[in-house]
Amino acid sequence: MTYSVKEIFYTLQGEGAHAGRPAVFCRFSGCNLWSGRESDRSTAVCSFCDTDFVGTDGERGGKFAGAAALALIIDSLWPDTYPASKYVVFTGGEPLLQLDLELIACMHEAGFQIAIETNGTLPVPLGVDWVCVSPKMGSKLVVHAGNEIKVVIPQAMQNLAAYESLDFEHHFVQAMDGPLLEHNTRLAIDTCKRNPKWKLSLQTHKLLQIP
């Protein structure tokens, strides 16, 4: 399989349960809920995405002919002094359009723990170690269990109670970015205070300008 990758970089996880953890991020190109083109945003299922996942022109991006080639690039970014802590986050776009058993096997062989950040509309292959689902209203959620569910709020017709019975270890709300960020942040805080089932996720990489 040839993998289309927007960018690969080493940084700190900025959100959710692993915020602050060093990780190699591999951002796949493409998504099933938005083309990534601004001209299509208003009619997209996910119209609030704040990520560029179009093409392969980002840092270390490109077309990778086979899992071994992609795994080699990812592995090269991890510090040699800490081989026991290897952690890769596959994201997008929608990573489950491309992440497959062959790539999972290659990453495990290289010693990595594998995390995904998915919209939850596609089944998760065996072998993924950490599953973070961020559901989008207007799409069908097929992933009903995982490690964390991270709900961006507010979304039209959103019912947080519907997610509370799902089999996730952590339930997060995160304020939608954009011109209403201050209002949305207050809403997220109030949501957590009203219902301790939910915890607040911040985009710390943006707040701290972590490259």
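Each residue takes its place number in the sequence, starting with 1.
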Does any non-hydrogen side-chain atom of [Y] lie less than 4.5 Å from one of [X]?
X	Y	result
Glu117	Lys150	yes
Phe172	Cys132	no
Leu12	Leu208	no
Pro125	Ile104	yes
Arg27	Phe9	yes
Pro154	Leu187	yes
Lys206	Asp177	yes
Leu166	Leu141	yes

Heavy-atom pair with the smallest gap, counting every atom of [X] and [Y]:
X	Y	answer
Leu96	Leu122	CD1-O, 3.4 Å
Ser139	Lys136	OG-O, 2.6 Å
Tyr163	Val151	CD1-CG2, 3.9 Å
Gln203	Gln174	CG-NE2, 3.5 Å
Tyr10	Pro79	OH-CG, 3.4 Å
Ile153	Ala188	CD1-CA, 3.6 Å

Over 60° means perpendicular and under 30° means parallel, so tell me whether His170 and Trp130 are parallel, tilted or perpendicular.
tilted

Exceeds 12 heavy-atom contacts within 6.0 angstrom, atom [atom1] of [X]:
X	atom1	answer
Glu109	CD	no
Glu38	CD	yes
Leu207	CG	yes

Path from [X] to [Y] over hydrophobic side-chain contacts below 4.5 Å:
X	Y	value
Val142	Ile116	yes
Phe25	Leu202	no
Leu101	Ile114	no
Val45	Val54	no
Leu72	Val89	no

Look at the side chain of [X] and the backbone N and O of [Y], then say whether any donor-acceptor pair between them is shorter than 3.5 Å.
X	Y	result
Gln155	Met137	yes
His108	Gly127	yes
Ser47	Ser42	no
Asp129	Ala115	no
Thr2	Ala65	no
Asn147	Val131	yes
Glu15	His205	no

Dump the intermediate steps for side chain to side chain contact (heavy atoms under 4.5 Å, CB included) on Leu70 and Phe28, then the final yes or no.
CA-CA 11 Å; Leu70 180 52; Phe28 286 116; 4.1 Å; yes

Distance from [X] atom [atom1] to [Y] atom [atom2], nearest 0.5 Å?
X	Y	atom1	atom2	value
Cys26	Phe64	SG	CZ	7.5 Å
Cys49	Glu94	SG	CD	11.0 Å
Glu102	Met107	CD	CE	12.5 Å
Gln113	Lys86	CD	NZ	13.0 Å
Trp198	Cys192	CH2	SG	9.0 Å
Ser165	His144	OG	NE2	9.5 Å

Considering the options Asn184, Ile149, Leu160, which one meets the side-chain contact (heavy atoms from CB on, under 4.5 Å) requirement together with Val173?
Leu160

Can you list the steps and then say if Ser85 with Trp78 is a side chain to side chain contact (heavy atoms under 4.5 Å, CB included)?
CA-CA 9 Å; Ser85 305; Trp78 191 264; 3.9 Å; yes

Taking atom types as modelled and ignoring hydrogens, do the side chains of Thr121 and Asn32 form a donor-acceptor contact shorter than 3.5 angstrom?
yes

Quick one about Lys199 and Ser201 (side-chain donor to acceptor, distance below 3.5 Å, no hydrogens or angles considered), yes or no?
no

Begin from the C-alpha positions of Cys106 and Ile74 and carry the test side chain to side chain contact (heavy atoms under 4.5 Å, CB included) through to its verdict.
CA-CA 11 Å; Cys106 284; Ile74 293 171; over 6 Å; no

Could you list the residues that satisfy side-chain hydrogen bond (donor to acceptor under 3.5 Å, both in side chains) with Gln98, not counting sequence neighbours?
none

Which of Thr51, Thr91, Thr56, Asp52 passes side-chain hydrogen bond (donor to acceptor under 3.5 Å, both in side chains) with Lys6? Answer is Asp52

Could you please spell out the steps behind the side chain to side chain contact (heavy atoms under 4.5 Å, CB included) verdict for Trp34 and Phe53?
CA-CA 10 Å; Trp34 177 41; Phe53 54 82; 3.7 Å; yes

